[in-house]
Novice: 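Can you keep this structure in mind? I'll have questions shortly.
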Amino acid sequence: MAKKQRLTGPQRRAQLLEVGRELFASRGYEATAIEEVAAQAGVSKPIVYEHFGAKEGLYAAIVEQEMDSLVQRMSDAIAQGSPRERFEGAVLAFLSYAKEEPAGFAVLTRDSPTSSARRGLTRVIDDLAQRVGDIFQSEFSRAGFNAKVAPVYANALVGMVTQVGVWWAAEGRPISLEHVARHVAALGWMGLRHLPREPAALGTRTKGKSKG
């Protein structure tokens with residue numbers, strides 16, 4: 001019988017990350033035990049602790065890995081093309097991640113340790129909005145808009161796309177990804193296309209209506 005090959009340190013770490021990702025995705029953070037991770041990986045608990053310190057360390061490493069993957073996809077999508085092409089590409093990139101990496105997406109959108117600050121989807125939204133905001137600022141300046149408000153629109157649009165992705169996955173993907181992406185991109189782009197240089201105050205509109 002052939003002797004089982006011993007994994008190197010990096011290989012073992014990658015294996016534990018994959019096993020942990022599947023367990024956290026299907027059961028959530030609280031319901032997943034280090035014993036289960038170790039058992040499925042075929043190692044002892046001390047090996048898991050050696051690589052990640054504790055369950056929260058393993059979870060944090062998985063979240064970081066998935067976040068890096070998603071941010072890279074989004075960054076690639078907005079790296080070139082017209083503003084509309086970049087926006088539509090970002091929408092499709094996010095939803096494609098939700099479709100192609102369901103376990104990773106589940107980890108980012110499920111419960112997380114209460115002691116972990118800015119973990120999971122909240123941090124993803126923050127990072128993506130920052131990157132999208134950089135592009136918005138340059139486009140706003142070129143179009144004669146106030147570049148200081150670009151982060152407002154970046155966070156609003158990234159939040160919209162994120163929430164649609166969460167809904168789409170939770171509802172069992174009732175509509176094709178491409179169809180959803182087209183609608184979300186159209187909604188966001190139409191808003192940007194007709195964006196006033198300085199939106200009127202809501203109070204002004206209300207007063208105007210009341211006088212009639």
Side-chain angles (χ1 to χ4, degrees), residues 14-32 37 40 56 58-113 116-136 151 153-192:
Q15 180 206 26
L16 293 172
L17 287 171
E18 182 60 30
V19 170
R21 185 178 78 149
E22 295 299 323
L23 287 172
F24 285 132
S26 61
R27 302 186 184 184
Y29 177 81
E30 296 299 336
T32 299
V37 176
Q40 289 201 21
E56 186 171 336
L58 172 60
Y59 176 86
I62 293 169
V63 168
E64 195 72 23
Q65 174 181 265
E66 293 307 312
M67 187 183 69
D68 287 346
S69 175
L70 177 53
V71 168
Q72 187 61 56
R73 284 176 181 242
M74 298 286 283
S75 298
D76 291 343
I78 62 178
Q80 58 185 355
S82 67
R84 179 168 186 172
E85 288 171 339
R86 293 186 186 192
F87 180 70
E88 292 180 347
V91 172
L92 186 58
F94 187 95
L95 294 178
S96 293
Y97 169 79
K99 177 182 180 180
E100 297 166 9
E101 301 293 342
F105 187 71
V107 170
L108 292 180
T109 55
R110 290 198 62 159
D111 60 304
S112 61
S116 295
R118 293 186 70 248
R119 292 294 185 193
L121 201 56
T122 299
R123 186 175 175 186
V124 170
I125 293 174
D126 288 348
D127 279 13
L128 293 180
Q130 177 65 49
R131 294 171 189 249
V132 173
D134 291 341
I135 292 177
F136 274 26
Y153 294 96
N155 277 276
L157 290 170
V158 170
M160 175 182 70
V161 175
T162 302
Q163 185 56 42
V164 170
V166 172
W167 164 82
W168 183 73
E171 292 296 317
R173 307 174 181 182
I175 308 172
S176 74
L177 178 143
E178 292 75 16
H179 197 60
V180 172
R182 285 201 303 272
H183 280 278
V184 174
L187 175 62
W189 183 252
M190 288 301 291
L192 289 175

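Index from 1, following the sequence. Keep in mind that this is a model prediction, so the values were computed, not measured.
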Novice: Could you tell me which non-hydrogen atom of Ala61 sits nearest to which non-hydrogen atom of Leu17, and how far apart they are?
Specialist: CB-CD2, 3.8 Å

Novice: Looking at Trp168 and Leu95, what are the two nearest heavy atoms and their distance?
Specialist: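 For Trp168 versus Leu95, the nearest heavy atoms are CZ3-O, 4.1 Å.
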
Novice: Are side-chain heavy atoms of Glu66 and Arg21 found at a separation under 4.5 Å?
Specialist: yes

Novice: Kindly give the heavy-atom pair with the smallest separation between Met74 and Ala93, and that separation in Å.
Specialist: SD-CB, 4.1 Å

Novice: Can you confirm whether Val180 sits close enough to Val91 that some side-chain heavy atom of one is under 4.5 Å from a side-chain heavy atom of the other?
Specialist: no

Novice: Could you give me the CA-CA distance, side-chain angles and deciding distance for Phe24 and Leu58, then say whether side-chain contact (heavy atoms from CB on, under 4.5 Å) is met?
Specialist: CA-CA 10 Å; Phe24 285 132; Leu58 172 60; 4.0 Å; yes

Novice: Mind running side-chain contact (heavy atoms from CB on, under 4.5 Å) on Val166 and Phe105 for me, showing each step along the way?
Specialist: CA-CA 9 Å; Val166 172; Phe105 187 71; 4.0 Å; yes

Novice: Looking only at heavy atoms, what is the nearest atom pair of Val19 and Val37, with distance?
Specialist: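 Closest pair (atom of Val19, atom of Val37, distance): CG1-O, 3.8 Å.
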
Novice: As an exercise, state the distance from CD of Glu178 to CG of Leu92, rounded to the nearest 0.5 Å.
Specialist: 6.5 Å

Novice: With no hydrogens and no angle check, just 3.5 Å: does a side-chain donor-acceptor pair link Gln72 and Asp76?
Specialist: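 Result is yes, a qualifying pair exists.
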
Novice: Indicate yes or no: at least one non-hydrogen side-chain atom of Phe94 is less than 4.5 angstrom from one of Val164.
Specialist: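 A side-chain contact is absent here, since even the closest heavy-atom pair is not under 4.5 Å.
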
Novice: With rounding to the nearest 0.5 Å, note down the distance linking CZ in Arg182 to CG in Leu177.
Specialist: 10.0 Å

